[in-house]
Amino acid sequence: MKYLFICQHNFTRSKFGASFFRGFLEGKGIKAKVGSAGIGFVSYFLGRRVNRKIIQRVDWIFVMEGYMKDYFVENFGVDSKKIVVLNIKDEYGFFKRKSIKSLNEIFGKINWEKYL
C-alpha cells in the first residue's frame, strides 16, 4: 500500500502525519510507502509539491482540510473515495499558535485500522 499526506505547504501537518502513520505501521509490522506533499506554491521550497505522478502512485490520500479534497477531485480527477479529510486546520508549526505536541494527540485519536 502507498499513502500520501497533504497539507498546504508540506511543512508541518503533512510531514508530521506521514511520520506518525509510518510509526503506526511499523508498530504493526506492516511495510508500506508513506509520503507527504503540499498543494501550495511554497511547498516547492519547504518540501515537495504534489503532482500527477505522485497522485497516481498512491492508494490513500489524507488531506488536512476539506477544500484539499475538492482540489484533487477537480484538478487531478482523483476518486473521492480514496481521499480522507482529517479536518486539521493550519494552526501548527513554528509561527502558529498550536504546538506539535497537540498534533500527536489528534493523530493518536484517528482509527487508522480502516485504512490498512
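Everything quoted here is computed from the prediction, not taken from an experiment.
- In this structure, CD in Q8 is found 3.5 Å from OH in Y67, a value given to the nearest 0.5 Å.
- Under a 3.5 Å cut-off, the side chain of R13 and the backbone N or O of I88 do form a donor-acceptor pair.
- Within the 6.0 Å centre-distance limit, the rings of Y3 and F21 are counted as a close aromatic pair.
- When atom types are taken as modelled, the side chain of W60 and the backbone of L116 share no donor-acceptor pair closer than 3.5 angstrom.
- Within the model, atoms CD1 of I83 and CE of M68 stand 12.0 Å from one another, a figure rounded to the nearest 0.5 Å.
- Enclosure of atom NZ in K82 by more than 12 non-hydrogen atoms of other residues, nucleotides or ligands within 6.0 angstrom is indicated.
- For the pair T12/D90, no side-chain contact is recorded, criterion being any heavy-atom separation below 4.5 Å from C-beta on.
- Here the two rings, on Y115 and F62, have centers that are under 6.0 Å apart.
- Between F16 and N104 the shortest side-chain heavy-atom distance falls below 4.5 Å.
- For the atom pair M64 CE and I106 CD1, the distance stands at 10.0 Å (nearest 0.5 Å).
- Taking the side-chain contact (heavy atoms from CB on, under 4.5 Å) definition, one finds that R52 meets it with Q56, F76, sequence neighbours left out.
- Linking ILVMFWY side-chain heavy atoms closer than 4.5 Å, directly or via other members, places Y44 and I54 in two distinct hydrophobic clusters.
- R48 places no side-chain N or O within 3.5 Å of a backbone atom of N10 that could act as its donor or acceptor partner.
- Using a distance-only test at 3.5 Å, with no hydrogens or angles considered, no donor-acceptor pair links the side chain of K28 to the main chain of E113.
- Taking both residues in full, the closest heavy atoms of S14 and C7 are given as OG-SG, 3.1 Å, listed atom of the first, atom of the second, then distance.
- Taken to the nearest 0.5 Å, the OH atom of Y71 stands 9.0 Å off from the CD1 atom of I6.
- I30 and V84 fall within a single hydrophobic cluster, where Ile, Leu, Val, Met, Phe, Trp and Tyr side chains are chained together by heavy-atom contacts under 4.5 Å.
- Rounding to the nearest 0.5 Å gives a distance of 11.5 Å between CG of L86 and NZ of K69.
- Of all heavy-atom pairs spanning S80 and V73, the tightest one is CB-CG2, 3.9 Å.
- For the pair L25 and W112, the minimum side-chain heavy-atom distance is 4.5 Å or more.
- Between K31 atom NZ and E26 atom CD the span is 9.5 Å, to the nearest 0.5 Å.
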